[in-house]
Amino acid sequence: MPSNDVRNLLHAAVPTAAAGAIAAVVSGVVAGGKGALGAAVGALVVMLFMGIGFVVLQRTARSLPQLFQAMGLMLYTAQLLLLFIFVALFKDTTLFHPKAFAITLVAATLVWIAAQTRAHMKAKILYVEPESSKAGTAEKTGSST
C-alpha cells in the first residue's frame with residue numbers, strides 16, 4: 001500500500017478510534033460495563049468494515065480505474081447494509097448493551113466518513129500526469145527543425 005493510502009487510512013482510523021474510546025467511556029458511565037463493551041465492539045466493527053473497504057477500493061482504483069466510482073458507491077452501500085445487519089442481529093444480545101453498540105456504530109461511521117473526506121480533501125493528489133523534463137526538451141528541440 002503506498003504511503004499516501006496509509007496516511008489516508010490513518011487519518012480516518014485515528015479519529016474513529018478516539019470517538020470509539022469516548023463512546024466507550026460515556027457508555028460505561030451511563031450503562032455500566034456492558035455499555036462500554038458494546039461501544040468498543042461497535043467502534044471495532046466500524047473500523048474493520050471501513051478499513052477493509054478502503055483497502056479494496058484503493059486496489060480497485062489501481063487495477064480497474066474505470067470502475068472506481070461505481071465500486072465506491074457499491075462498496076459504501078454494502079458497508080452500510082452490513083452495519084445495519086449487525087445492528088439487527090445484535091439488537092437482543094445479552095453480551096453487551098445493544099443501544100450503546102448501535103449508537104456507537106452510527107457515530108463511528110459518521111466520524112470515519114468525515115475524517116476520510118477531510119483526509120482526501122487535504123491530500124495533494126495529482127489528477128494529471130506531469131510531463132517529464134526529457135519529453136519537454138525533446139519536443140522543444142524536435143519542433144524547431
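- Across all non-hydrogen atoms, the minimal contact from T104 to A43 is CG2-N, 3.9 Å.
- Annotation: the span from L48 atom CG to I52 atom CD1 amounts to 4.0 Å, rounded to 0.5 Å.
- Not one N or O on the side chain of K34 forms a donor-acceptor pair closer than 3.5 Å with the backbone of L95.
- When hydrophobic clusters are built by joining Ile, Leu, Val, Met, Phe, Trp and Tyr residues whose side-chain heavy atoms come closer than 4.5 Å, directly or via intermediates, W112 is grouped together with F101.
- In this structure, the side chains of L80 and T109 come closer than 4.5 Å at one or more pairs of heavy atoms.
- Nearest approach of V111 to A19, heavy atoms of both residues: CG2-CB, 3.9 Å.
- More than 12 heavy atoms of other residues, nucleotides or ligands sit less than 6.0 Å from atom CD of Q66.
- Taking the six-membered ring where tryptophan is involved, the planes of F49 and F86 are perpendicular, since the angle between them exceeds 60° and thus also 30°.
- In this structure, V30 is a member of the same hydrophobic cluster as I22, with clusters built from ILVMFWY side-chain heavy atoms closer than 4.5 Å.
- Using a 4.5 Å heavy-atom threshold, the side chains of T16 and M50 count as separate.
- Here the closest heavy-atom approach between residue H11 and residue A115 is recorded as O-CB, 3.4 Å.
- Taking CG from L105 and CG from L110, the interatomic distance works out to 10.0 Å, rounded to the nearest 0.5 Å.
- Note that the CE atom of M71 and the CG atom of L73 stand 11.0 Å from one another [nearest 0.5 Å].
- In this structure the side chain of L37 never reaches within 4.5 angstrom of the side chain of H97, judged on heavy atoms.
- Transitive grouping of hydrophobic side chains (ILVMFWY, heavy atoms separated by less than 4.5 Å) keeps F84 and V106 in distinct clusters.
- Within the model, atoms CD of Q116 and OH of Y76 stand 3.5 Å from one another, a figure rounded to the nearest 0.5 Å.
- The shortest heavy-atom contact between A24 and A40 is CB-N, 4.5 Å.
- Both F96 and L83 are part of a single hydrophobic cluster, where members link through side-chain heavy atoms under 4.5 Å apart.
- L75 and G53 get closest at one heavy-atom pair: CD2-O, 2.9 Å.
- In the hydrophobic clustering of ILVMFWY residues, with side-chain heavy atoms under 4.5 Å counting as a link, M74 and V56 come out together.
- For the atom pair L57 CG and R62 CZ, the distance stands at 10.0 Å (nearest 0.5 Å).
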